[in-house]
Amino acid sequence: DTGVSQNPRHKITKRGQNVTFRCDPISEHNRLYWYRQTLGQGPEFLTYFQNEAQLEKSRLLSDRFSAERPKGSFSTLEIQRTEQGDSAMYLCASSLANRVIGTEAFFGQGTRLTVV
Amino acid sequence: QQPVQSPQAVILREGEDAVINCSSSKALYSVHWYRQKHGEAPVFLMILLKGGEQKGHDKISASFNEKKQQSSLYLTASQLSYSGTYFCGTSGGSQGNLIFGKGTKLSVKP
């Protein structure tokens, strides 16, 4: 178990381009979350999956953002037609859901996106 | 709604104590505390569930007052390694998607 892995660690892209990030959660973790963090702020919830089902999307998530978790393992987050306001750290976290008890989420190192 | 953390920042000398507060305007199911060092991922510290429980981990402990919708993180005899930004994340249900506060920056000086 090597923890939550995210790739790439850094991405610089021109405005208007599409980008895709990948997250590999801790094996056997059935929940996977995407967060966005900007400087001086806490992580901001974007969306989460339980297995392959996307159960919730933040209202902040525009139509340019899409996330998938096709086989309930790794996940991808795609941003289409990037804007400068998309520049942020994109964090992925995973947890093992327990219906009765709240469970801790473990974060990956994040992908830092810079839109120029 | 985003929980409110206080203070925004605190500077300590090694060995001093600190309290970080987290309050919400919504009913809470759980409160999660994380510490994040510059350029690194948030690291899980502890989770508290409704019921007013208190937890401890080494010299870091936390309480959760469900009725007041508040949680506090207590750091005693602080060490240099405690430096970082502390976030509380709150959840209104068992789904686990957390709403994080803006963080409290803790600096421990020798």
Side-chain angles (χ1 to χ4, degrees), chain A residues 2-7 9-10 23-26 29-51 53-61 67 88-112, chain B residues 1-6 8-9 20 22-24 26-51 53 55 57 60 62 64 66 71 73 84-106:
Chain A
T2 56
V4 179
S5 176
Q6 291 188 245
N7 287 288
R9 294 291 307 278
H10 303 273
C23 171
D24 288 89
I26 294 172
H29 275 191
N30 54 356
R31 282 190 181 161
L32 187 149
Y33 311 85
W34 285 100
Y35 287 86
R36 176 172 64 192
Q37 187 176 27
T38 53
L39 197 63
Q41 300 294 317
E44 178 184 46
F45 171 74
L46 295 178
T47 187
Y48 94 97
F49 295 83
Q50 179 145 328
N51 300 313
Q54 188 173 18
L55 296 187
E56 187 170 345
K57 289 174 63 174
S58 167
R59 284 172 289 180
L60 300 171
L61 209 62
M89 175 75 83
Y90 289 83
L91 292 165
C92 175
S94 70
S95 70
L96 183 62
N98 183 308
R99 190 169 55 87
V100 177
I101 311 172
T103 57
E104 61 266 34
F106 296 90
F107 282 85
Q109 294 294 318
T111 294
R112 181 169 293 284
Chain B
Q1 281 128 335
Q2 187 176 38
V4 177
Q5 288 186 235
S6 62
Q8 290 184 327
I20 300 172
C22 173
S23 64
S24 174
K26 291 179 63 175
L28 299 177
Y29 177 85
S30 63
V31 179
H32 304 227
W33 286 97
Y34 287 80
R35 176 173 60 212
Q36 186 177 30
K37 294 183 181 285
H38 183 70
E40 299 181 8
V43 173
F44 174 79
L45 294 176
M46 64 187 75
I47 178 175
L48 300 105
L49 303 177
K50 65 178 182 179
E53 66 174 11
K55 277 194 173 181
H57 173 68
I60 299 176
F64 177 26
E66 177 190 351
S71 177
L73 186 72
T85 301
Y86 289 77
F87 294 100
C88 69
T90 58
S91 172
S94 62
Q95 296 89 345
N97 48 307
L98 300 174
I99 308 299
F100 285 91
K102 291 189 175 182
T104 294
K105 186 174 181 180
L106 179 72

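Just so you know, these numbers come straight off a predicted model, no measurement behind them. The basis for the numbers below is simple: all heavy atoms, side chains too, and nothing from hydrogens, waters or symmetry mates. A note on names: the letters A, B, ... follow the listed sequences, proteins ahead of strands, and every chain is numbered from 1.
- The residue among E40(B), Q5(B), K105(B), Q36(B) with the most heavy atom pairs within less than 4.5 Å of chain A is Q36(B).
- Contacts between Q37(A) and chain B at a heavy-atom distance below 4.5 Å involve the side chain alone, from C-beta outward.
- Annotation: K26(B), atom NZ; neighbour count of heavy atoms from other residues, nucleotides and ligands within 6.0 Å does not exceed 12.
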Contacts table for residues 38-46 of chain A: side-chain donor-acceptor under 3.5 angstrom, sequence neighbours left out:
| unit_1 | atom_1 | unit_2 | atom_2 | d |
| --- | --- | --- | --- | --- |
| E44(A) | OE1 | R36(A) | NE | 3.2 |
| E44(A) | OE1 | R36(A) | NH2 | 3.2 |

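- With sequence neighbours excluded, no residue forms a ring pair (Phe, Tyr, Trp, His ring centres under 6.0 Å) with Y86(B).
- Closest heavy-atom contact between E104(A) and Y34(B): C-OH, 4.3 Å.
- Looking at every heavy atom in both residues, F44(B) comes nearest to A105(A) through CB-O, 4.1 Å.
- The side-chain heavy atoms of Y33(A) and L98(B), taken from C-beta on, include no pair separated by under 4.5 Å.
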